2 protein chains.
Amino acid sequence: MFRIGELAKQHGINADTLRFYEKHGLLAPSARSDNGYRVYSRDDAQRLAFILRAKAVGFSLGEITELLSIEVNKSQRVCSDVKDVVDDKLMKVSEKIAELERFRFSLQLLSDGCCGGSHSAEHCTILQALESCEPADFSQLAAETHADS
Amino acid sequence: MFRIGELAKQHGINADTLRFYEKHGLLAPSARSDNGYRVYSRDDAQRLAFILRAKAVGFSLGEITELLSIEVNKSQRVCSDVKDVVDDKLMKVSEKIAELERFRFSLQLLSDGCCGGSHSAEHCTILQALESCEPADFSQLAAETHADS
DNA sequence: GTTGACCTTGGAGTAGACTCTAAGGTTTAT
DNA sequence: ATAAACCTTAGAGTCTACTCCAAGGTCAAC
Ligand SMILES: [Zn+2]
Ligand SMILES: [Zn+2]
Ligand SMILES: [Zn+2]
Ligand SMILES: [Zn+2]
């Protein structure tokens with residue numbers, strides 16, 4: 001039986017975060033003490049641990065809500081229900097990675113084209129690219145770099 | 001000389017977005033017509049193109065503000081000023097990719113461990129992992145998968 | 001002279017995940 | 001008895017990048 005501050009400290013989170021999770025239906029303490037304080041049971045703590053582990057693999061609170069709703073009556077649910085949620089997330093994460101890798105590629109080309117020296121930025125290839133290149137076509141830049149002279 | 005709707009349409013964006021950029025100091029029309037309409041010059045359009053190209057490589061509006069402030073007085077600035085912004089972003093993007101790849105790895109292990117079949121989720125390895133594994137240590141799961149029988 | 005397509009403004013709403021504030025009640029120690 | 005360290009609530013604020021709304025002004029066409 002833990003009070004909000006204890007449980008929060010144990011898991012390295014803010015007590016406000018626990019109130020926030022409660023307001024959003026993720027985790028409610030199973031009891032209140034006479035003075036109105038929230039009282040969390042060991043089961044509550046386990047549910048919190050579930051939430052935090054799911055967060056640690058990238059799930060949003062909305063997705064965790066879905067996972068929890070499967071978890072609480074898992075006898076009625078099947079493996080594919082669970083795996084679908086994971087595979088769905090896997091796709092979203094992969095798409096986000098792909099987008100960021102496109103960013104990284106373009107940024108690397110921009111960086112490689114610029115001498116990074118201390119001459120005036122008037123002829124900086126990065127600025128020139130952003131001023132006039134076709135979007136997402138910085139490949140011209142990759143070839144011609146200029147020297148800091 | 002373009003009105004807000006024209007300029008927006010030319011660039012495939014919403015007129016509201018242009019007003020938003022103006023409010024946040026990214027792009028103000030260089031004139032207003034007698035009736036109070038915004039009037040964008042060709043220079044304004046080029047500045048917008050700069051903003052959109054920067055967005056296309058992943059820069060946030062805050063970062064674009066910084067790039068623009070360098071661009072407008074580039075004669076006073078040097079290549080390293082520009083390259084620093086790009087390299088800074090490159091690092092942030094790489095870090096975000098690394099985080100998402102950790103997510104992807106964990107999610108893949110979770111997915112691989114689950115049969116995805118139609119038997120009760122009571123013994124689903126995904127739920128078991130989220131209930132009891134050490135965070136970010138789903139490697140045990142990778143080995144022992146169960147069959148849908 | 002009215003319809004329709006444009007434009008203006010200020011302000012509110014959205015999503016996600018908190019984080020903080022104000023105003024007050026409770027418990028424990030000194 | 002009073003300070004500190006807890007706890008309560010409702011509600012506001014943060015960040016990002018828009019997007020939408022209401023109420024109204026402008027302009028060209030028919
Ligand atoms: Zn240079
Ligand atoms: Zn340069
Ligand atoms: Zn199974
Ligand atoms: Zn399973």
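Here the structure is a predicted model, which means the values were calculated and not measured. Numbered from 1 within each chain, the chains take letters A, B, ... in sequence-line order.
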Item to check | First and last nucleotide of DNA chain D, 5' to 3', lying under 4.0 Å from heavy atoms of chain A | outcome: D/dC6 to D/dT9
Checklist entry - Using a cut-off of 4.0 Å on non-hydrogen atoms, how would the nucleic acid contact of B/Asp16 be classed: base, sugar-phosphate, or nothing? => result base
Just the table, please: protein N/O against nucleotides 12-17 of chain C N/O, every pair under 3.5 Å.
unit_1 : atom_1 : unit_2  : atom_2 : d
C/dA17 : OP2    : A/Leu61 : N      : 3.1

Checklist entry - Going hydrophobic residue to hydrophobic residue with side-chain gaps under 4.5 angstrom, can you get from B/Tyr40 over to B/Tyr37? => result no
Item to check | Distance (rounded to the nearest 0.5 Å) between A/Cys124 SG and B/Asp81 CG | outcome: 9.5 Å
Checklist entry - How many angstroms lie between CG in B/Asp16 and NZ in B/Lys23, if you round to the nearest 0.5 Å? => result 9.5 Å
Checklist outcome for this item: Angle separating the five-pair end axes of the helix from C/dG1-D/dC30 to C/dT30-D/dA1, nearest 10°, is 30°
Checklist entry - Salt-bridged, A/Glu122 to B/Arg77, with N to O below 4.0 Å? => result no
Checklist entry - Which residue pairs pass the ring-ring contact (aromatic ring centres under 6.0 Å, His included) test with at least one member in residues 2-30 of chain B, sequence neighbours excluded? => result B/Phe20-B/His24
Next on the checklist: Less than 4.5 Å apart, side chain to side chain, heavy atoms only: is that true for B/Leu90 and A/Phe103?
Outcome noted: no
Checklist entry - Once you round to the nearest 0.5 Å, how far does SG of A/Cys115 lie from NZ of B/Lys83? => result 7.5 Å
Below 3.5 Å is the cut-off: list the nitrogen or oxygen pairs between protein and nucleotides 22-25 of chain C, distance only.
unit_1 : atom_1 : unit_2  : atom_2 : d
C/dG25 : N2     : A/Tyr37 : OH     : 2.8

Checklist entry - NZ/A/Lys89 to CG/A/Asp84 distance, rounded to the nearest 0.5 angstrom? => result 15.5 Å
Checklist entry - Charged N to carboxylate O below 4.0 Å: is that the case for B/Glu22 and B/Arg19? => result no
Next on the checklist: Between B/Lys96 and B/Glu99, does the salt bridge (charged side-chain N to carboxylate O under 4.0 Å, His left out) criterion hold? Intermediate values first, please.
Outcome noted: CA-CA 5 Å; B/Lys96 189 69 190 171; B/Glu99 184 189 22; 3.2 Å; yes
Item to check | Pairwise distance CD1(A/Ile4) to CG(A/Leu18) - rounded to 0.5 angstrom | outcome: 5.0 Å
Next on the checklist: If I take atom CD from residue A/Glu131 and atom OG1 from residue A/Thr125, how far apart are they, to the nearest 0.5 angstrom?
Outcome noted: 11.0 Å
Next on the checklist: Do the side chains of A/Asp43 and A/Arg47 get close enough for a salt bridge, i.e. N-O under 4.0 angstrom?
Outcome noted: no
Checklist entry - In terms of heavy-atom contacts, does CZ of A/Arg32 have more than 12 from other residues, nucleotides or ligands at under 6.0 Å? => result yes
Checklist entry - For residues 1-13 of chain B, which residues have at least one heavy atom under 4.0 Å from DNA chain C? => result B/Arg3, B/Ile4, B/Gly5
Item to check | Distance test, side-chain N/O of B/Arg38 to OP1/OP2 of C/dT9, below 4.0 Å | outcome: yes
Next on the checklist: I'd like to know if B/Ile126 and A/Val78 are part of one continuous hydrophobic network [Ile/Leu/Val/Met/Phe/Trp/Tyr, side-chain heavy atoms within less than 4.5 Å].
Outcome noted: no
